[in-house]
Amino acid sequence: MKQIVTRFPPSPTGTLHLGGARTALFNWLYARKNNGKFIFRLEDTDLERSRQEYVDQILCAMEWLGLSYDEGPYYQTKRFDVYREFAKKLYEAGKAYYCTCTPEELDAMREKAMAEGGKPKYDGRCREKKLPPGPGAALRLKIPLTGHTSFTDVVRGRITFPNEELDDLVILRSDGTPTYHLAVVVDDITMGVNTIIRGDDHVSNTPRQVLIYQALEEPLPVYAHVPMVLGPDKKKLSKRHGAASVMEYRDMGFLPEALLNFLARLGWSCGDQEFFTREDLVEKFSLENLGRSAGVFDADKLLDLNAAHIRAASPESLQEPLLYHLRKMGLPEPAPAALPAIIRTLQPRSKTLAEMAEKAAFYLRPEVAFDEKAVEKHLNTEAEPLLAAILDKVSRADFGDEKALEAAFAAVMETFSLGFGKLAHPVRVALTGGTVSPGMFEMMQALGKEKTLDRISDALDRIRTGRGFRA
RNA sequence: GUCCCCAUCGUCUAGCCUGGCCCAGGACACCGGCCUUUCACGCCGGCGACAGGGGUUCAAAUCCCCUUGGGGACGCCA
């Protein structure tokens, strides 16, 4: 069996968005799953709209997502000679011809066709003129006037287009540059691409490309057109739906694994499984389980998946990404050794890394930021003896042992005949400034003995001296 | 307008090819409850869909046709 070769060919006319990322993912998965090859190519033949900053952003996004490629990035602008060579072949074989129609003439033709109730298309008026190449002349592919063009799509089955619907497409512009259709086909042929997984907005382009393959007498690749990703209003996903570009998700605190998991499940399924690691996906991906209908992007589901991936991750693997958000928030950097413990306490309660960074703030800030209401309710004179007692017990406890901390609290509860809650609330406020936090003991351990004692005695101090708490 | 594609809970989907196990299963969201030192996590329960109409068949979410709805494509853009 031949090696599977897939590719992802974005055009650098915008950032990598979710739809593109999913297409890239499917191609990557299929290649990895089959020990195939994944090629990355930039379709930058539109000199007007292509921009270097987009190239950079796409490269960066691919890297962040971890979609490694075996070949590339190739740039179509560096391969013009190849396309011209193929175009020449077509011209010399009489399968393509030059056309000198002006844009105005073309517009008029389309309008006329439309008025007659047909499809707007080129009427082929230069087809038999045998015009020579030259300035102002574009090369068009001569396609059959009658009959049908069909191809088999792995997800949709056989798709057939009447040739009358098609027109003689331009393959070389009058300035000699290749158009999209020629460039993709030539690239895919010369790069050995045999499996094309792409958005289904390309199905109506496919017969044109099939015709180019046929004119070139090359075998067709396997096509798999995946449904589009839609916004909540069921329109093609775009900037107007909020964050559409991949890198924005990193900044919002998403894990690439979570985004990949989410994207994979949008348009693909594997029974009832919802949570997938990268390895799961590679192992279980198959073209057969791709869906046929368009899917709406659901931010809540992404968030849920992200939370699940955060929970499942090792604290160590979360360090770097969390640091990114901590720095962005201008928080003091924690000692590297202290970070995993902090992360561990926050994992079950953070849906994003940005949220985790916010929740980590109390551990890191030199001064506790007190919430006024919490102070009023829990750090009053009533709490004073409690805090004094707990400070005493805790100062003699071994912080490496959660049981010791528990025992310290139990002793104070006993002395005052109080429930855990009555005691925990003031301590929590003293330690964190607020009423919401990770579990008491794991939190104290992550905070460390020194800070824990400091903060309790500081709170005590404030109560005794009547010194105000400031947020 | 013309052509192509699609159609299961609000959303992502399983089931459809190879009809009966489906008065349709899972997940997210939402609503209750449990657990509990707070917030989460977790667990239990609830709400909620085969677009409509015709066929075929003993039997249709599953097969066929029509309607409706949605999407995409019709560039010397990709």
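Sequence lines set the chain letters: A, B, ... in the order given, protein chains first and strands last, and positions in each chain run from 1.
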Pairing partner of G10(B) (Watson-Crick or G-U wobble, both distances under 3.5 Å): C28(B)

C43(B): pairing nucleotide in any strand, Watson-Crick or G-U under 3.5 angstrom: G33(B)

OP1 or OP2 of C16(B) under 4.0 Å from side-chain N/O of Arg292(A): no

U8(B) to C63(B) separation - P atoms, rounded to the nearest Å: 14 Å

Phe262(A) and Phe297(A) aromatic ring geometry - parallel, tilted or perpendicular at 30°/60° bounds: perpendicular

Pairwise C1' distance for C28(B) and C23(B), with rounding to whole Å: 25 Å

Residue Pro120(A), side-chain heavy atoms: nucleotide from A40(B), C4(B), C74(B) that is nearest: C74(B)

Sugar-phosphate, base or nothing in reach of Gly199(A), heavy atoms under 4.0 Å: nothing

Distance, rounded to the nearest Å, where Leu290(A) contributes CG and C12(B) contributes P: 16 Å

Basic-acidic side-chain contact under 4.0 Å: Asp167(A), Arg140(A): no

Partner nucleotide, any strand, of C3(B) [Watson-Crick/G-U, under 3.5 Å]: G72(B)

Parallel, tilted or perpendicular: rings of His378(A) and His425(A) (30°, 60°): parallel

Sugar-phosphate, base or nothing in reach of Asn205(A), heavy atoms under 4.0 Å: base

Nucleotide paired to C23(B) in any strand shown, Watson-Crick or G-U, under 3.5 Å: none

Whole-Å P distance, C3(B) and U67(B): 12 Å

Phosphate-side-chain proximity, Ser269(A) and A14(B), N/O vs OP1/OP2 below 4.0 Å: yes

Rounded interatomic separation in angstrom, taking OH from Tyr98(A) and C1' from C76(B): 13 Å

Nearest-Å distance for atom pair CG/P, residues Leu230(A) and C5(B): 18 Å

Whole-Å C1' distance, C64(B) and A27(B): 33 Å

Closest to side chain of Arg349(A), choosing from A73(B), A40(B), A78(B): A40(B)

Scan nucleotides 25-32 of chain B against the protein and return all N/O pairs shorter than 3.5 Å with their distances rounded to 0.1 Å.
{"residue": "G25(B)", "atom": "N2", "partner": "Asp272(A)", "partner atom": "OD1", "Å": "3.1"}
{"residue": "G26(B)", "atom": "N2", "partner": "Glu274(A)", "partner atom": "OE2", "Å": "2.7"}
{"residue": "A27(B)", "atom": "O4'", "partner": "Glu274(A)", "partner atom": "OE2", "Å": "3.4"}
{"residue": "A27(B)", "atom": "O2'", "partner": "Lys301(A)", "partner atom": "NZ", "Å": "3.4"}
{"residue": "A27(B)", "atom": "N3", "partner": "Lys301(A)", "partner atom": "NZ", "Å": "2.9"}
{"residue": "C28(B)", "atom": "O2'", "partner": "Lys301(A)", "partner atom": "N", "Å": "3.4"}

Closest contact, heavy atoms only, Leu25(A) versus Leu67(A): N-CD1, 3.9 Å

Asp46(A) CG - A78(B) C1' separation (whole Å): 7 Å

Span that lies between the C1' atom of G19(B) and that of U62(B), in whole angstrom: 6 Å

Note: Arg265(A)-Asp298(A) ion pair, threshold 4.0 Å (strictly below): no

Sugar-phosphate, base or nothing in reach of Thr160(A), heavy atoms under 4.0 Å: sugar-phosphate

Rounded distance in Å - CG (Asp123(A)) to P (C76(B)): 13 Å

Atom C1', compared across G53(B) and A61(B): separation rounded to whole Å: 16 Å

Touch class at under 4.0 angstrom, heavy-atom based, for Ser174(A) against every strand present: base

side-chain contact (heavy atoms from CB on, under 4.5 Å) between Leu166(A) and Lys119(A), intermediate numbers included: CA-CA 9 Å; Leu166(A) 278 16; Lys119(A) 202 157 192 156; over 6 Å; no

Donor-acceptor side-chain pairing of His225(A) and Arg198(A) below 3.5 angstrom: yes

Counterpart base for A78(B), defined by Watson-Crick or G-U wobble contacts under 3.5 Å: none

Arg110(A) side-chain proximity, nearest of U2(B), G75(B), A40(B): G75(B)

Check: Tyr180(A)/Asn205(A) side-chain N/O donor and acceptor closer than 3.5 Å: no

P spacing across the pair A60(B) / C21(B), given as an integer number of angstrom: 11 Å

Arg156(A), nearest nucleotide to its side chain (from U13(B), U38(B), C5(B)): C5(B)

Sugar-phosphate only, base, or nothing, as touched by Phe420(A) at under 4.0 Å among non-hydrogen atoms: base

Touch class at under 4.0 angstrom, heavy-atom based, for Thr13(A) against every strand present: nothing

Sugar-phosphate only, base, or nothing, as touched by Pro438(A) at under 4.0 Å among non-hydrogen atoms: base

Lys NZ or Arg CZ of Arg7(A) over Phe38(A) ring: under 6.0 Å, within 45°: no

Rounded distance in Å - CE (Met443(A)) to C1' (U37(B)): 10 Å

Side chain of Thr179(A) - closest among C41(B), C12(B), C76(B): C76(B)

Closest-nucleotide ordering on RNA chain B, the 5'-leading residue of Thr45(A) and Trp268(A): Trp268(A)

Nearest-angstrom distance from the residue atom CZ of Arg428(A) to P of C39(B): 9 Å

Identified side chain to side chain donor-acceptor pair (under 3.5 Å) partner of Tyr83(A) from the options Thr45(A), Asp187(A), Thr179(A): Asp187(A)

His425(A) NE2 - U37(B) P separation (whole Å): 10 Å

Parallel, tilted or perpendicular: rings of Phe8(A) and Phe40(A) (30°, 60°): parallel

Atom P, compared across G48(B) and G25(B): separation rounded to whole Å: 12 Å

Side chain of Glu43(A) - closest among C76(B), C3(B), A78(B): A78(B)

Residue closer to the 5' end of RNA chain B, Glu116(A) versus Leu266(A) (nearest nucleotide): Glu116(A)

Syn/anti state for C74(B) [syn: chi within 90° of 0]: anti

